[in-house]
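Following: one structure in structure tokens, then a few remarks.
In what follows, chains are A, B, ... by sequence order, proteins preceding strands, each numbered from 1.
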2 protein chains.
Amino acid sequence: MNISAAAAASGLSSKTIRYYEDIELIPPASRADNGYRYYDVSAVEQLRFVHQARLVGFSVAECRQLLELQSNSQRHSAHVKSLVLEKCDQLEQRIEELLQMQSMLRDLASRCSGNEGPDCAILDELGRGSAHE
Amino acid sequence: MNISAAAAASGLSSKTIRYYEDIELIPPASRADNGYRYYDVSAVEQLRFVHQARLVGFSVAECRQLLELQSNSQRHSAHVKSLVLEKCDQLEQRIEELLQMQSMLRDLASRCSGNEGPDCAILDELGRGSAHE
DNA sequence: TGTAAACCTTACAGCTGCTGGAAGGTCAAG
DNA sequence: CTTGACCTTCCAGCAGCTGTAAGGTTTACA
């Protein structure tokens, strides 16, 4: 399997796969006679693993940890689970932040008449820097 | 007002203020005789403006737009308002994404026994790359 | 057989939005 | 007169890729 097929199968881009190899997130791919990277089923599975982990919000560093756990038969599943729950909490926090920002924006928007004139409560408010603190 | 006082008054760091000047987001600060940057009330207000805009989710490029609008007496407040509402929508989208990620994580966590053993549904699932698609 | 498109390779630059550090000048307190 | 806290510039680095250049290979088709 060439890199672009592996990309299609894993959901990553070829570029990203090379990049992950570069930063040693994943081991160097084996090579065909012509020097092309070659991926077997288990290599693709690893790519998919990383892709999924990234999708649910793990950083590359955290993916490294997860891959280590995956290859460590001495692992405790409790450890893995705690990483997942921790990430969950982080997402929760981030969501709260975004909701905060959104409510500030909605508040700003509600104060602005939104017409052809230049008077704008949004610009005024931003300059005042209150932001309800 | 020195840069650190301006920083304290605006909520930005000195570093960030210099950076914003560097990328020409804000005009070059005036200088005292000793070469130190000097900020008056209106300069500080501009800094605060940018800080607030960043806080509610505007990118630096968008801040540039907002500053232009602020200094443009021909502006229509409707234009400003639409930028704010658009940003609101973007936040909404991002929040949805994070919620999605969170629900995938919760689902993964629920499948994992979380004990001393190595068997872990999370690692299995990530490798399978299903992610409920 | 030729050639053009579609792959593959490496290497390096750039993106966003800062932050840290080095090397040096200035200023206020004791 | 020294010490510490400012200030200055400039350059490097963080995450996590993505784009581009310059070249080699393979495949399809005329």
Side-chain angles (χ1 to χ4, degrees), chain A residues 1-26 28-40 43-44 46-67 87 90-91 94 97-98 101, chain B residues 1-26 28-40 43-44 46-67 87 90-91 94 97-98 101:
Chain A
M1 212 175 194
N2 268 349
I3 196 169
S4 64
S10 67
L12 295 168
S13 73
S14 304
K15 268 283 188 204
T16 301
I17 294 174
R18 287 193 204 97
Y19 170 70
Y20 284 166
E21 183 179 322
D22 224 58
I23 62 171
E24 294 176 78
L25 174 62
I26 53 175
S30 40
R31 300 287 182 142
D33 289 351
N34 56 12
Y36 287 15
R37 284 177 185 78
Y38 178 85
Y39 297 86
D40 61 18
V44 168
Q46 193 170 45
L47 294 175
R48 213 157 29 206
F49 183 94
V50 174
H51 179 54
Q52 290 304 316
R54 293 286 297 122
L55 274 186
V56 294
F58 287 105
S59 70
V60 167
E62 287 161 343
C63 288
R64 227 178 272 272
Q65 248 192 96
L66 288 170
L67 285 170
K87 182 54 64 183
Q90 287 169 20
L91 284 180
R94 185 65 187 143
E97 284 170 18
L98 295 187
M101 288 156 60
Chain B
M1 210 174 196
N2 269 350
I3 196 170
S4 64
S10 67
L12 295 168
S13 73
S14 305
K15 270 286 191 200
T16 301
I17 294 174
R18 287 193 205 99
Y19 170 69
Y20 285 165
E21 185 179 321
D22 222 59
I23 61 171
E24 292 176 78
L25 174 62
I26 54 175
S30 40
R31 300 286 181 140
D33 289 351
N34 56 12
Y36 287 15
R37 284 178 184 78
Y38 179 85
Y39 299 86
D40 61 18
V44 168
Q46 192 171 44
L47 293 175
R48 213 156 30 206
F49 182 95
V50 175
H51 179 52
Q52 290 303 314
R54 294 286 297 122
L55 274 186
V56 295
F58 287 105
S59 70
V60 166
E62 287 160 344
C63 288
R64 229 178 270 273
Q65 249 191 95
L66 288 170
L67 285 170
K87 181 53 61 183
Q90 288 169 19
L91 284 180
R94 186 62 187 144
E97 284 171 18
L98 295 187
M101 287 157 59

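The separation between B/Ile17 atom CD1 and C/dG17 atom C1' is 15 Å, rounded to whole Å. Taking atom CZ on B/Phe58 and atom P on C/dT16, their separation rounds to 17 Å, with Å as the unit. Across the protein-nucleic acid pair, B/Tyr19 atom OH and D/dG13 atom P stand 17 Å apart, rounded to whole Å. Taking atom CD of B/Glu24 as the reference point, atom P of C/dT16 lies 15 Å away to the nearest angstrom. In this structure, B/Glu21 atom CD and D/dT8 atom C1' are separated by 11 Å, rounded to whole Å. A straight line from CG of A/Asn2 to C1' of D/dT27 spans 12 Å, rounded to a whole angstrom. A straight line from CG of A/Leu25 to C1' of D/dA15 spans 13 Å, rounded to a whole angstrom. When rounded to the nearest whole Å, the span between CG of A/Asp22 and C1' of C/dT9 equals 12 Å.
Here B/Arg18 does not pair with B/Glu21 in a salt bridge; the nearest charged N to carboxylate O distance is not below 4.0 Å.
The side chain of A/Ser59 contributes no N or O atom lying less than 4.0 Å from OP1 or OP2 of D/dA15. Between B/Arg18 and D/dC11 there is no side-chain N or O to OP1 or OP2 distance below 4.0 Å. OP1 or OP2 of C/dT9 has not a single side-chain nitrogen or oxygen of A/Asn34 nearer than 4.0 Å. Distances shown here put a side-chain N or O of A/Ser4 below 4.0 Å from the OP1 or OP2 atom of C/dC8. Neither OP1 nor OP2 of C/dC18 sits under 4.0 Å from any side-chain N or O of B/Ser13. Residue B/Arg31 places at least one side-chain N or O closer than 4.0 Å to OP1 or OP2 of D/dT9. In this structure, B/Arg54 does not reach the C/dT16 phosphate: none of its side-chain N or O atoms is under 4.0 Å from OP1 or OP2. Between A/Tyr20 and D/dC17 there is a side-chain polar atom (N or O) within less than 4.0 angstrom of OP1 or OP2.
Here the nucleotide nearest the side chain of A/Ile3, chosen from C/dC8, D/dT9, D/dG16, is C/dC8. When the nucleotides D/dG16, C/dT10, D/dT8 are ranked by their closest atom to the side chain of B/Arg37, D/dT8 comes out on top.
Counting atom types as modelled, B/Lys15 pairs a side-chain N or O with a base atom of C/dG21 as donor and acceptor under 3.5 Å.
Residues A/Ser13 and A/Ala7 approach most closely at C-CB, 3.9 Å, considering heavy atoms. In this structure, B/Leu66 and B/Ala53 approach most closely via the heavy-atom pair CD1-CB, 4.0 Å. Nearest heavy atom pair, residue B/Arg37 against residue B/Asn2, reads O-OD1, 3.8 Å. Taking all atoms of both residues into account, the shortest heavy-atom contact from B/Ala9 to B/Met1 is CB-CE, 3.7 Å.
Proximity of a side-chain donor or acceptor of A/Ser30 to a complementary backbone N or O of A/Tyr38 within less than 3.5 Å is detected.
B/Ile23 comes within 4.0 angstrom of no nucleic acid atom, judged by non-hydrogen atoms across all strands.
For A/Thr16 and B/Ala5, each mapped to the nucleotide of DNA chain D holding its nearest heavy atom, the one lying further toward the 5' end belongs to B/Ala5.
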